[in-house]
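Below is one structure, written out as C-alpha cells; the observations come after it.
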Amino acid sequence: MIANLLDGIVLGLQFGLLAGGLTMVYGLGGVLNLAYGQMAVVSAMVVVLSMEAGLGPIPAVVVGLVAGGLLGLLLDLTILRPVYRLHGEARVLLSLLLTLGLAFMVDGFLSWRYPTKALTLRIGGGPVELLGVRMVRGGVVASVITILVLGGLLLFFRKTTLGRAVRSVIEDEEGARLVGVDPQRMLRLILILTGVLAALVAVTRSLVTPVSVTAGFELTVSALIVTVVGGLGSVGGAILAGLILGMISTVAASSIGTVLSLIILLVAAAVTILIRPSGLLGVEE
Amino acid sequence: MLEVRGLTAGYQGGDVIRDVGFHVDEGEAVMIIGSNGAGKTTLFRAVLGLLRPSSGTVEFQQEVITGKQTQRIARLGISFVPAERHLFPRMTVRENLSLGAYPDRPDPDDVQSVFDLFPRLAERRGQRAGTMSGGEQQMLAVGRALMSRPRLLVLDEPTTGLAPKLAAEAYRALGILKQRGLTVLVAEQQVPLALALSDRGYVLENGVIRKEGTSAELTHDPDVRRSYLGVV
C-alpha cells in the first residue's frame with residue numbers, strides 16, 4: 001500500500017506539472033491547448049533521435065527541452081494567431097478545435113514515420129530505500145526533478161517581476177494593461193515555458209516507463225482531468241489534484257487493474273466537479 | 001500635455017460620445033463633470049486605448065497616441081484609475097503596488113510615499129486586495145497608479161461607492177498630489193469635491209461637451225449650480 005502511494009506521488013507530481021502548464025495557458029489567454037500531450041511526445045522523440053544521432057543522454061535531454069520551448073513558440077506564432085482575434089467562449093472553442101486537429105496530425109505523422117519508437121531513459125544503480133519501501137531509482141529522481149521545478153515555478157510566480165506580471169494578467173487583464181503589462185507577450189512567454197514543461201514531463205516520465213509515440217492523447221486527457229478537478233486557472237489546484245488523482249490511479253491500478261482504474265479516476269473527477277463545480281482550488285465565478 | 005480633438009467613440013449600439021475636445025496643461029487639475037451615462041467612462045476608455053474611437057485624435061506630450069495599445073500608453077506616463085479599480089484581488093497590497101512600477105522593480109521610496117499618503121495601506125500591506133473595503137481598494141488603486149511615477153493621473157469617479165468622509169479623504173490625497181506638481185484629470189459626479197480640487201472643468205452631457213470654464217466660472221454658472229450642485 002505504501003509502495004503504491006509513493007508510486008502515486010511520483011505519477012501525481014507529473015500529472016500536476018502537466019496540468020499546471022495547461023491551466024496556466026488557459027488562465028492567461030483563454031486558450032485550451034489539446035495538442036499539449038503531443039508537444040511532450042514530439043520533445044521525447046527529439047531526445048530519442050538526438051541520442052540515435054550520437055548525443056549523450058544529458059545533451060539530448062537539453063535539446064529536447066529546447067525543442068519543447070520552440071514548439072510552444074511555434075504554436076503562438078502560427079495556429080493560435082486566428083484564435084487571438086476572438087474573445088470569450090469563441091476563443092476557447094477555436095483554440096480547442098485547432099489544437100485538437102494539430103494533435104491528430106502530429107499523432108498520425110509520428111505513428112507513420114516512427115511507429116515503434118519510444119523514449120526510455122535509465123538511471124544506473126539499484127533501488128532506493130524510502131520509508132522502508134524499495135523505490136525504483138528512476139522514479140525517485142523523476143520526483144526530485146519535478147519537485148525542484150515546481151518549487152522554481154512557485155518562486156518565479158511569487159518573487160519575480162515577470163512572474164507577478166503573468167499572474168496579474170490571470171487575475172485582471174485590464175488591470176494588467178493599465179500598469180503596462182502586455183498580455184500577449186505574457187501568453188507567448190507562458191506558451192514557451194509550458195512547452196519546456198511538457199518536454200520535462202516526457203523526460204521524467206521516461207525514467208519510470210517508456211514514453212511511446214502514441215502517448216500524446218493519454219497525457220492530454222490526464223492533464224485535462226487534473227486541470228478540471230484542480231480548478232481551471234489554478235496552478236496550486238493542479239498540483240493538489242495531480243497528487244490526489246495520481247495516488248487514486250496507482251492504488252486502483254494495483255488492486256483492481258488498469259482498465260478499471262481509469263474508470264475510477266474519471267468517477268473521482270466527476271464527483272469532485274459535482275461537489276465543487278469550480279474545482280478544488282478554482283475561483284468561483 | 002493632453003490634447004483631445006474631435007473624439008467620437010462608442011459601442012456597437014452607436015456612438016456614446018461625439019466630437020469631444022478638451023485639453024489638460026502640465027500641472028493642472030481638470031475635471032469632467034457629468035451625470036450617470038453622460039459618457040465620462042467611454043471618453044476615458046477611448047483616451048486610454050481601451051476602446052477604439054471611430055474618429056478624432058488624442059495627443060500626449062505632442063505625440064499622437066490614438067489607436068495605441070493601453071499598455072503602451074500606460075508606459076508613456078499616463079496612469080488610469082478606473083471606477084471599477086481593476087486591482088489584482090488575490091494579490092497582497094504590496095504585490096499590487098509592486099506591479100504598479102512594472103516593468104521596473106518598485107522603488108522602496110515610492111512605496112513609502114504611497115504609505116505616507118494612505119497610512120491605512122501600510123497597516124494592510126500583507127492583506128489581499130480582494131478582501132479589503134471599497135475605500136481601501138480605492139486608496140490602493142490610486143497608490144498602484146502612482147508607483148510608475150506618472151506624468152498624468154486620470155481618475156474615473158474616484159468616489160464611487162465611498163461614504164462622504166472617505167470621498168473627502170480621497171480628494172484630500174489628490175490635493176496633496178496636485179500640490180506636488182502632478183497633473184490630474186478626473187471625471188466626477190460629486191461635483192463640489194472636484195470643483196475644490198480643479199483649476200478648470202468641462203461639462204459633459206449626453207456625450208457632448210456643453211460647457212467649459214475655470215472652476216470659479218463653473219461654480220457661478222446657473223446651469224451647473226442647478227444640475228450638479230443642488231442649488232435652486
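Just so it is clear, the model here is predicted, and its values are computed rather than measured. By convention in this document, chain letters (A, B, ...) are assigned in the order of the sequence lines, proteins followed by strands, and residues within each chain are numbered from 1. Worth knowing before you read on, the calculation uses all heavy atoms, side chains too, and leaves out hydrogens, waters and symmetry mates.
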Checking an interface table here. Which of residues 117-152 of chain B come within a heavy-atom distance under 4.5 Å of chain A? Arg144(B)
What part of Asn96(B) lies closer than 4.5 angstrom to a heavy atom of chain A: side chain, backbone, both or neither? neither
Look up atom CG in Leu178(A) and atom CG in Leu99(B), then write down how far apart they are to the nearest 0.5 Å. 12.0 Å
How about Glu174(A) and Leu50(B): do any of their side-chain heavy atoms sit closer than 4.5 Å? yes
Most heavy-atom pairs under 4.5 Å with chain B, out of Thr161(A), Ile170(A), Leu162(A), belong to Thr161(A)
Where on Leu76(B) is there a heavy atom nearer than 4.5 Å to chain A: the side chain, the backbone, both, or neither? neither
Is the number of heavy atoms from other residues, nucleotides or ligands under 6.0 Å of Asp107(B) CG greater than 12? yes
Check whether any side-chain heavy atom of Ser168(A) sits under 4.5 Å from a side-chain heavy atom of Glu95(B), and report yes or no. no
Check whether Arg177(A) reaches the backbone of Gln71(B) with its side chain - one donor and one acceptor, N or O, closer than 3.5 Å. no
Identify which part of Pro89(B) has an atom lying under 4.5 Å from any heavy atom of chain A, answering side chain, backbone, both or neither. both
Please report the shortest heavy-atom distance between Phe88(B) and Glu171(A), naming the atom on each side. C-OE1, 3.0 Å
Spacing of CZ belonging to Arg85(B) relative to CG belonging to Asp172(A), to within rounding of 0.5 Å: 12.5 Å
